[in-house]
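So the structure is just underneath, and the comments pick up after that.
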Amino acid sequence: MTGTTASTRIAAWAASVPQRASDDALVHLVARAFLDTYAVRLAANGHPLRDVLERYAPGGEGPATDWSSGRRHTAEAAAMVNASMAHVLDYDDVTSPLRGHPTVVLLPALVAVAEEEGADGRQLAASYAVGFEVICKLAKAFAVEHYAAGWHSTATMGAIGAAAGASHLAALTAAETTHAVGVAAARAAGTKASFGTMTKSFQVGAAAAEAVRSMRLAQAGLTAAEQALEGSVGGFAPLYGGAGHVEALATELAGLGAGSGELASSGLDVKKYPCCYATHRALDIILDLRSEHRLPPADVERVVVRTNEGGIAPLVHHRPQTGLEAKFSMEFAVATALHDGLPRLATFRDENVRRTELQEFLPKVTATDDAGPQWPRLTEVCVELAGGHTVQRSATQLRGSAESPLTDGELLTKVDDCLRYGRSATAAERVGELVFGWGDRRVGELLGDLVEATR
């Protein structure tokens with residue numbers, strides 16, 4: 001090593017973190033993250049991407065598991081398949097600093113390595129915390145500009161963080177971890193131009209596979225640039241974020257692991273509804289008002305939704321005809337919540353979106369983004385009823401966010417919907433029982449039980 005760089009700082013810190021998590025709260029938090037990711041991966045069983053991946057990677061011999069079919073793969077292939085499938089419904093967790101989805105890159109990679117290493121749940125939890133910390137530090141340094149430029153930060157920054165987490169799980173030395181981070185930075189890729197196609201999900205799968213590959217190559221002796229993250233010529237931060245962000249990166253990395261860590265300070269947001277996050281505060285409000293005031297749709301004359309500047313930017317479909325369009329429609333979100341209650345995965349089937357009563361209701365919904373400054377995020381909903389009566393409410397927090405997390409019971413409700421949609425008759429409580437009891441069990445044994453239980 002020639003000095004202190006971003007990669008060496010990450011590596012030195014990662015190598016200092018204990019191999020097994022002693023904090024039961026951390027183990028439970030990571031178990032929740034895995035349960036959520038595992039469930040949304042199973043929910044995607046009927047998606048056409050599954051056939052594509054099975055033709056490309058049919059499986060056979062290997063140490064790692066396809067979470068749905070139980071097929072055996074190399075660790076790289078298992079990470080790619082599981083991550084791709086867990087992201088294709090866009091129902092996996094997010095964290096605000098990343099502008100993206102951390103767990104869907106981290107856990108498919110780490111679980112595959114854990115199977116190879118014979119690691120248990122506490123080892124996996126410790127390594128997840130390492131990977132999450134690195135992702136958030138990179139993201140806080142320059143994710144806003146990185147994402148705005150068109151990069152898919154889930155895949156790019158996720159690959160680097162997952163490589164650090166995988167290096168920790170496999171007990172690489174600090175020198176080896178430095179090279180693993182450098183290899184991952186050299187290979188990081190993914191663009192927003194792919195959004196709306198299967199390649200968006202594949203970019204995530206490729207990032208998970210790259211994390212495993214980078215770690216194993218570094219372990220085998222492959223070297224990489226120590227200044228891979230901040231080098232003035234071709235470094236990840238100046239190349240993908242701008243030269244001015246090298247100092248910001250150094251500042252963020254100086255605080256690696258400080259306090260209670262990024263898992264506590266930035267946290268995870270778990271999606272309660274299977275549609276764009278920009279609809280979720282409005283859905284929280286509408287479902288509450290529906291429960292409190294009944295609100296028969298026939299009596300509703302108009303619904304007005306107002307958000308902060310940019311709060312509805314992703315919601316580009318105002319008269320959706322397909323399930324994918326409906327996921328990005330405030331009008332549909334309000335209409336289906338008033339008519340049917342809690343949106344579920346089946347809510348976004350094409351035939352349901354085209355229901356006459358929903359299509360006729362869409363013009364009654366108006367959404368604007370003019371309710372003051374961008375932060376804190378705010379959504380206001382006003383429902384105008386026949387006879388001139390109105391009910392209204394505002395919200396800043398999201399149910400399922402790090403500030404207002406789902407209870408374990410609410411998470412299991414989501415898991416149940418995912419299992420039904422993925423054609424599994426298994427009780428969500430049984431899956432939760434297995435996952436929440438994983439701390440001292442080998443990850444490979446747990447996966448075997450899960451696959452058997454959910455077939």
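Position 1 is the first residue of the sequence, and the numbers go up from there. In this text, all values refer to a predicted model and were calculated from it rather than measured experimentally.
- Taking OG1 from Thr8 and NE2 from His179, the interatomic distance works out to 10.5 Å, rounded to the nearest 0.5 Å.
- Around atom CD of Gln19, more than 12 heavy atoms belonging to other residues, nucleotides or ligands sit under 6.0 Å away.
- Sequence neighbours left out, the pairs with a member in residues 28-47 that pass ring pair (Phe, Tyr, Trp, His ring centres under 6.0 Å) are His28-Phe436, Phe34-Tyr38, Phe34-Trp67, Phe34-Trp438.
- Pairs of residues two or more places apart, or lying in two chains, that qualify as side chain to side chain donor-acceptor pair (under 3.5 Å) and include a residue from residues 198-207 are His87-Lys200, His152-Gln203, Ser194-Gln203.
- Listed by first and then second residue, the salt bridge (charged side-chain N to carboxylate O under 4.0 Å, His left out) pairs involving residues 320-332 amount to none (not counting sequence neighbours).
- Residues that satisfy the salt bridge (charged side-chain N to carboxylate O under 4.0 Å, His left out) test with Arg399, not counting sequence neighbours, are Asp288.
- Legend: side chain to side chain donor-acceptor pair (under 3.5 Å) pairs involving residues 252-261, not counting sequence neighbours: none detected.
- If you take CG on Asp417 and CG on Leu412, they are separated by 12.5 Å, rounding to the nearest 0.5 Å.
- Surrounding CZ of Arg442 are at most 12 heavy atoms belonging to other residues, nucleotides or ligands under 6.0 Å away.
- For residues 268-280, the set of pairs meeting the side chain to side chain donor-acceptor pair (under 3.5 Å) definition, not counting sequence neighbours, comprises Tyr273-Asp284.
- For Asp23 and Arg122, the salt-bridge test fails: no basic side-chain N is under 4.0 Å from an acidic carboxylate O.
- Atom CD of Glu247 has 12 or fewer neighbouring heavy atoms from other residues, nucleotides or ligands inside a 6.0 Å radius.
- Applying the ring-ring contact (aromatic ring centres under 6.0 Å, His included) rule to Phe236 yields the partners Phe142, His146, Tyr240; only residues at least two apart in sequence or on another chain are considered.
- The ring-ring contact (aromatic ring centres under 6.0 Å, His included) check on His73 picks up nothing, with sequence neighbours excluded.
- A salt bridge is absent between Glu133 and Arg9; no separation between the charged side-chain nitrogens and carboxylate oxygens falls under 4.0 Å.
- Taking a cutoff of 4.0 Å between a charged side-chain nitrogen and a carboxylate oxygen, Arg41 and Asp66 qualify as a salt bridge.
- A side chain to side chain donor-acceptor pair (under 3.5 Å) check over residues 55-65, counting only residues at least two apart or in different chains, returns the pairs Thr65-Arg72, Thr65-Glu115.
- Side-chain contact, Thr74 with Glu76: no donor N or O sits under 3.5 Å from an acceptor N or O.
- Residue Ile135 is tested with Thr103, Leu106, Ile160 for a side chain to side chain contact (heavy atoms under 4.5 Å, CB included); the sole match is Leu106.
- Heavy-atom neighbours of Arg187 CZ from other residues, nucleotides or ligands within 6.0 Å: at or below the threshold of 12.
- With sequence neighbours excluded, the residues satisfying side-chain hydrogen bond (donor to acceptor under 3.5 Å, both in side chains) with Thr336 are Asp340.
- Listed by chain and residue number, Arg430 satisfy the salt bridge (charged side-chain N to carboxylate O under 4.0 Å, His left out) test with Glu433 (two or more places apart in sequence, or in another chain).
- A salt bridge (charged side-chain N to carboxylate O under 4.0 Å, His left out) check over residues 258-268, counting only residues at least two apart or in different chains, returns the pairs Lys137-Glu262, Lys140-Glu262.
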